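Pasting a structure here, questions to come.
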Protein chains: 4
Amino acid sequence: MLNTFIIGASGYTGAELAKMVQAHPQLALKGLYVSANSLDAGKPISDLHGQLKGIVDLPLQPLADPGSVAQQADIVLLATAHEVSHDLAPTFLAEGCQVFDLSGAFRVKGDEFYTQYYGFSHQHSEWLDQAVYGLAEWNKAEIANAQLIAVPGCYPTASQLALKPLIEAGLIDGNQLPVINAVSGVSGAGRKATMTNSFCEVSLQAYGIFNHRHQPEIASHLGQDVIFTPHLGNFKRGILATITAKLADGVDSEQVAAAMACAYETQGEANAVRLLGEQAANLQSVVNTCFCDIGWKLHGGHIILTSAIDNLLKGASSQAMQCINIRNGFPQLTALV
Amino acid sequence: MLNTFIIGASGYTGAELAKMVQAHPQLALKGLYVSANSLDAGKPISDLHGQLKGIVDLPLQPLADPGSVAQQADIVLLATAHEVSHDLAPTFLAEGCQVFDLSGAFRVKGDEFYTQYYGFSHQHSEWLDQAVYGLAEWNKAEIANAQLIAVPGCYPTASQLALKPLIEAGLIDGNQLPVINAVSGVSGAGRKATMTNSFCEVSLQAYGIFNHRHQPEIASHLGQDVIFTPHLGNFKRGILATITAKLADGVDSEQVAAAMACAYETQGEANAVRLLGEQAANLQSVVNTCFCDIGWKLHGGHIILTSAIDNLLKGASSQAMQCINIRNGFPQLTALV
Amino acid sequence: MLNTFIIGASGYTGAELAKMVQAHPQLALKGLYVSANSLDAGKPISDLHGQLKGIVDLPLQPLADPGSVAQQADIVLLATAHEVSHDLAPTFLAEGCQVFDLSGAFRVKGDEFYTQYYGFSHQHSEWLDQAVYGLAEWNKAEIANAQLIAVPGCYPTASQLALKPLIEAGLIDGNQLPVINAVSGVSGAGRKATMTNSFCEVSLQAYGIFNHRHQPEIASHLGQDVIFTPHLGNFKRGILATITAKLADGVDSEQVAAAMACAYETQGEANAVRLLGEQAANLQSVVNTCFCDIGWKLHGGHIILTSAIDNLLKGASSQAMQCINIRNGFPQLTALV
Amino acid sequence: MLNTFIIGASGYTGAELAKMVQAHPQLALKGLYVSANSLDAGKPISDLHGQLKGIVDLPLQPLADPGSVAQQADIVLLATAHEVSHDLAPTFLAEGCQVFDLSGAFRVKGDEFYTQYYGFSHQHSEWLDQAVYGLAEWNKAEIANAQLIAVPGCYPTASQLALKPLIEAGLIDGNQLPVINAVSGVSGAGRKATMTNSFCEVSLQAYGIFNHRHQPEIASHLGQDVIFTPHLGNFKRGILATITAKLADGVDSEQVAAAMACAYETQGEANAVRLLGEQAANLQSVVNTCFCDIGWKLHGGHIILTSAIDNLLKGASSQAMQCINIRNGFPQLTALV
């Protein structure tokens with residue numbers, strides 16, 4: 001049994017992680033932590049997340065001494081704010097823990113990215129260099145050997161899983177930028193009280209137009225610039241990305257289907273991508289699951305892809321768990337289906 | 001044209017009031033005010049409430065000098081917190097303004113009620129004595145002659161409009177307390193950022209069990225103790241109250257129908273109550289309207305009443321407008337249908 | 001491994017059952033059936049319920065020959081219409097199968113109940129007599145020895161689990177009828193296209209006032225008449241019941257707490273009821289779980305109980321699975337948490 | 001007073017039209033009709049649309065003799081199915097009525113369009129030629145002189161109002177097709193019971209990818225091919241279109257702002273478009289209003305526009321009313337704000 005700790009366990013992704021670790025036959029959930037001055041410190045996690053009552057009732061402990069946690073941990077999950085992950089990760093890494101970071105702190109190479117998009121100067125270049133991007137279906141070999149895994153966020157996961165097979169196969173005409181329109185449920189903004197998240201104020205709308213930090217994350221890992229427009233939707237969970245792209249000359253639907261199958265269906269082990277062919281993805285089919293559903297259709301030299309995930313699961317927690325499974329040689333979907 | 005000012009105009013009821021006053025042929029909307037230190041001061045109201053853009057774009061002014069507003073006003077609408085209304089109302093009343101207070105500050109006779117349920121000591125007993133309860137369909141004569149009208153809140157309006165005809169006609173066996181279960185949309189909690197109002201946290205549930213301050217308001221004005229259980233529902237607007245009561249011996253459905261008709265259908269002028277008979281009230285039919293729909297059914301000596309309103313309209317703003325209309329001799333539903 | 005078949009597998013409860021049986025370590029999901037003339041016959045279940053794709057992709061077979069299914073089955077789950085269950089159950093019972101019926105066909109003793117409330121004449125009195133009511137936390141011994149288990153529906157489960165401990169302990173003054181107000185998600189009406197279920201028509205409202213067939217089911221199993229008012233809510237899953245009752249003379253909160261603990265916390269094995277004490281139950285904490293959350297509060301000789309379940313799980317499928325577990329000696333919550 | 005009749009009054013747009021005509025100072029609502037064999041024939045419209053109770057309670061009459069209606073009518077509103085409008089319009093036109101058709105029967109020039117996209121052969125080419133497209137802000141002069149106005153649907157209205165100013169001003173590089181992603185509320189599918197509209201089945205998803213008939217309608221009236229992807233959203237009313245386009249070389253934000261202002265702000269009379277500049281449009285601000293909100297942002301040679309309307313109002317009924325107002329010389333927003 002691997003001793004597992006969750007840091008930042010009070011939020012929505014923390015709660016999902018707690019449930020998964022608890023259900024995992026090879027992991028032992030040893031501790032849940034929140035920041036030392038959190039008002040939630042001391043409460044059972046099930047006080048905040050009523051669904052966990054009777055399943056996980058461990059207290060949320062104030063993280064006063066990360067070093068001591070590091071000494072007990074085999075696996076550390078960081079469901080913390082970007083800066084907090086940035087500051088904490090080295091402590092756990094120095095003790096040899098496997099670190100799975102759900103924040104943005106180690107996702108993109110190059111310090112200047114953090115200055116520009118996250119508003120802080122990155123202090124841990126060597127770890128940033130070593131960090132492996134935890135897009136589970138694509139980086140399996142690297143994840144299996146990494147100590148620090150930067151789990152991708154929700155928009156980048158939905159976007160890349162749909163586009164990457166085509167880009168890798170050279171099927172996209174990159175001169176016309178692929179257009180990614182994505183709608184996310186409100187839980188994507190985290191567990192907190194803001195006017196934006198207030199029930200009566202939530203309303204379908206675009207935000208972060210031309211300046212959302214997931215755009216460079218997506219572009220960097222795809223090796224292809226894109227136009228990415230996120231939207232807030234009036235639902236709790238899920239992301240639907242609709243992607244319009246120009247195909248390279250002469251590309252037909254067989255080539256697209258072959259690229260998709262090659263990426264997700266002929267790799268041996270079961271993974272978390274379900275290919276729908278010409279059927280469009282929908283939110284309901286993926287919410288509360290670990291899956292990414294991908295559909296596509298071609299016409300007149302263009303392709304429209306639809307890609308749906310649960311933002312808290314494949315867009316965060318279950319992808320982290322996939323990475324844990326890959327890293328430790330367990331079947332990829334252990335504790336997930 | 002009567003010069004009309006709205007104090008506390010940034011909230012949901014304030015916005016509804018602004019729209020109504022603007023649409024009213026005999027009222028002139030002269031100013032919108034927020035508290036002097038509000039972060040919204042100076043913004044057009046349509047920055048906060050996008051639906052108003054192009055309809056009402058007046059700025060939200062900081063209320064630095066209530067006395068000066070009082071001198072210009074014929075009518076003052078107070079959509080302010082209870083204590084703020086309590087403190088401000090006398091200033092406007094002293095200048096002879098008609099004051100329509102949407103808070104709880106003048107709804108229930110007796111100072112001790114405020115100490116117990118609102119947490120402040122009432123300082124204006126004489127105004128509290130003079131205040132008329134603005135349940136429009138029931139207190140028309142008094143409203144027509146009052147200077148200070150205390151507009152009832154949402155739960156008391158839905159509850160009393162259904163029960164009062166039966167209680168006045170002696171059709172209820174009051175020894176068994178009527179049971180009022182009511183579900184309110186989230187806008188009932190006002191426009192603010194709290195965890196309770198946070199989109200992902202809202203979930204159908206009871207609150208204030210046995211200790212909500214609308215229970216004594218209802219009981220006091222009905223002259224009948226009741227059990228009142230409010231619930232938060234996962235929708236923006238509307239209240240549905242389901243009321244179960246024991247009938248007095250031998251009461252039949254003709255008597256109930258007659259009492260309802262007598263209260264709401266044979267008073268000459270059109271009012272805001274729509275009687276549904278044996279059909280149950282539903283939220284959708286009343287949301288965005290000024291109406292209260294009431295249905296009822298009898299069986300085995302009991303009656304179940306259903307009563308639905310838009311909490312921001314008949315439960316607040318449109319009822320205030322009905323009172324303005326009654327007070328000034330306009331048809332009761334002017335600017336409302 | 002027990003060979004398990006689901007009849008009526010195309011609906012919402014059927015899909016939940018399929019997922020649970022698949023996840024159960026001692027059950028083998030051997031076949032999914034729909035009525036012989038269903039338009040869904042032949043399709044994989046995951047075509048109708050996208051969440052199942054990759055988890056359960058078995059086809060929905062037309063049930064042409066129940067006798068042949070009966071010969072292969074150890075366990076048969078009937079998620080069929082009342083009349084269909086009534087007609088089919090004897091075929092499976094005659095072959096010695098364990099039958100778990102999620103319809104109302106065997107829930108209440110007495111043929112005349114079916115004539116009055118279900119509109120058909122019951123033809124299988126001997127099976128009706130032998131049927132055990134599958135309220136898992138209350139009828140464990142009988143379930144363990146039964147061949148036919150009539151799994152209670154959603155409203156009766158939420159209502160009885162809250163009231164039964166108090167009634168059994170004699171804490172309720174039954175002369176004043178307990179008032180049960182319950183709100184159900186739309187999935188309670190099943191998977192079908194009707195104007196009532198149409199997205200734009202759904203609106204919080206009461207229905208079946210004084211004549212819903214769950215009222216006599218509840219009253220019969222509680223041994224106490226009640227007033228039961230169901231409501232349709234604007235959400236997919238879950239039931240919240242708010243119950244107001246008069247306490248017997250002198251009953252205090254210690255007695256209530258003791259009765260609750262005795263019923264649900266001191267029976268040895270973990271069950272699916274979670275006691276919240278003075279905290280109110282809410283939907284979100286139970287949706288997608290097998291649990292029933294119960295809270296309560298006393299005041300002035302009355303008690304208000306709140307009881308929440310997922311209508312498709314504890315109100316149907318997971319309760320059926322609890323019964324399977326009890327019947328076959330597995331831990332009660334196997335495959336449920 | 002102009003005698004006004006609504007044909008197809010039982011649906012959502014019919015109900016909205018009835019309310020508007022009733023509120024209009026120069027129109028007299030003379031009759032509501034449904035098809036002769038409708039199950040709703042004979043019912044008051046407020047039985048189907050509870051919000052209308054006490055406001056419009058006229059019966060839905062079976063349309064047995066269109067010719068007789070035509071003789072009494074000054075204005076006929078057709079809120080009927082495409083084929084029904086196609087068949088009925090000439091009867092009313094022959095009698096000299098003004099006809100405002102909310103269906104697709106007369107929106108696009110060229111008979112073959114109807115064969116391909118609507119599945120019927122158009123029989124009234126001369127009326128199709130004469131019909132004026134009722135995009136109110138763009139075709140004012142033609143509408144003022146037309147007898148048959150084909151009111152645009154919801155997606156084309158939201159899309160064209162945003163794109164047309166830029167295309168007319170030559171600011172778009174049409175070689176890269178503008179990408180229109182739009183999400184519609186469920187009411188867009190009309191008032192009927194289908195599995196697709198069923199409450200529990202509705203889930204955010206794309207549909208009609210590359211083959212929705214609004215694509216050629218938009219392209220034809222813009223004179224610019226586009227990629228149009230509609231989505232079903234989990235809400236009742238509203239459409240949000242997010243449009244990504246390549247700008248012509250060197251176009252800057254001043255030119256875009258000027259084109260927008262020229263189209264919508266410097267035409268004298270108030271219209272139904274509200275320009276938001278760099279702010280993004282959101283659904284909540286337009287639902288239950290007659291407005292189209294448009295925002296935009298430029299970056300790297302591209303523009304992203306957001307355009308929001310209430311699909312039942314600016315996308316249908318209120319736009320029809322705008323056309324009536326223009327046609328008859330009333331201020332454009334009469335009965336709308």
Side-chain angles (χ1 to χ4, degrees), chain A residues 10-16 19 34 38-41 43 45-53 60 79 154 183-207 231-239 283 287-288 310-313 315-317, chain B residues 10-16 19 34 38-41 43 45-53 60 79 154 183-207 231-239 283 287-288 310-313 315-317:
Chain A
S10 61
Y12 298 125
T13 53
E16 294 292 339
K19 204 161 33 171
V34 290
S38 166
L39 292 174
D40 295 321
K43 297 182 189 167
I45 188 173
S46 51
D47 270 18
L48 281 72
H49 302 279
Q51 291 202 343
L52 293 180
K53 192 173 156 67
L60 296 165
C154 45
V183 187
S184 169
V186 183
S187 61
R191 187 174 181 277
K192 57 190 174 195
T194 66
M195 278 308 288
T196 309
N197 293 0
S198 179
F199 191 91
C200 296
E201 300 289 316
V202 168
S203 171
L204 182 62
Q205 63 190 299
Y207 65 95
H231 295 70
L232 180 68
N234 58 328
F235 48 90
K236 291 187 180 176
R237 296 172 77 132
I239 279 187
L283 271 197
V287 168
N288 293 317
D310 184 314
N311 59 313
L312 298 178
L313 297 178
S317 302
Chain B
S10 60
Y12 298 126
T13 54
E16 294 292 339
K19 205 161 31 171
V34 290
S38 165
L39 293 174
D40 295 321
K43 297 182 189 166
I45 187 172
S46 51
D47 270 19
L48 281 72
H49 302 279
Q51 291 202 345
L52 293 180
K53 193 173 156 67
L60 297 165
C154 45
V183 187
S184 170
V186 183
S187 61
R191 187 173 181 277
K192 57 191 173 194
T194 66
M195 279 307 287
T196 309
N197 292 0
S198 179
F199 191 90
C200 296
E201 300 290 314
V202 168
S203 170
L204 182 62
Q205 63 190 300
Y207 65 96
H231 296 69
L232 181 68
N234 57 328
F235 47 90
K236 291 187 180 175
R237 296 173 78 133
I239 280 187
L283 271 197
V287 168
N288 294 316
D310 185 314
N311 59 314
L312 298 178
L313 297 178
S317 303

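Every value quoted in this text rests on a predicted model; they were computed, and no experiment measured them. So that the names make sense, note that chain A is the first sequence line, chain B the second, and so on, each numbered from 1.
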Q) Minimum heavy-atom separation for A:Val186 to B:Phe199, with atom names? A) CG2-CD2, 3.6 Å
Q | Exercise: identify the closest heavy-atom pair between A:Tyr12 and B:Glu201 | A | OH-OE2, 2.5 Å
Q: Supply the atom-to-atom distance B:Leu39 CG to A:Met195 CE, rounded to the nearest 0.5 angstrom.
A: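 Rounded to the nearest 0.5 Å, the CG-CE separation comes out at 11.5 Å.
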Q: Tell me, for B:Phe235 versus chain A, whether the close heavy atoms (under 4.5 Å) come from the side chain, the backbone, both or neither.
A: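 Looking at B:Phe235, just its backbone touches chain A.
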Q. Measuring from B:Cys200:SG to A:Lys192:NZ, what's the distance to the nearest 0.5 Å?
A. 11.5 Å
Q) With a 4.5 angstrom heavy-atom cut-off, which part of B:Thr194 approaches chain A: side chain, backbone, both or neither? A)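 The backbone, not the side chain.
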Q) Any idea which of A:Gly185, A:Gly50, A:Ser198, A:Ala189 has the most non-hydrogen atom pairs under 4.5 angstrom with chain B? A) A:Ser198
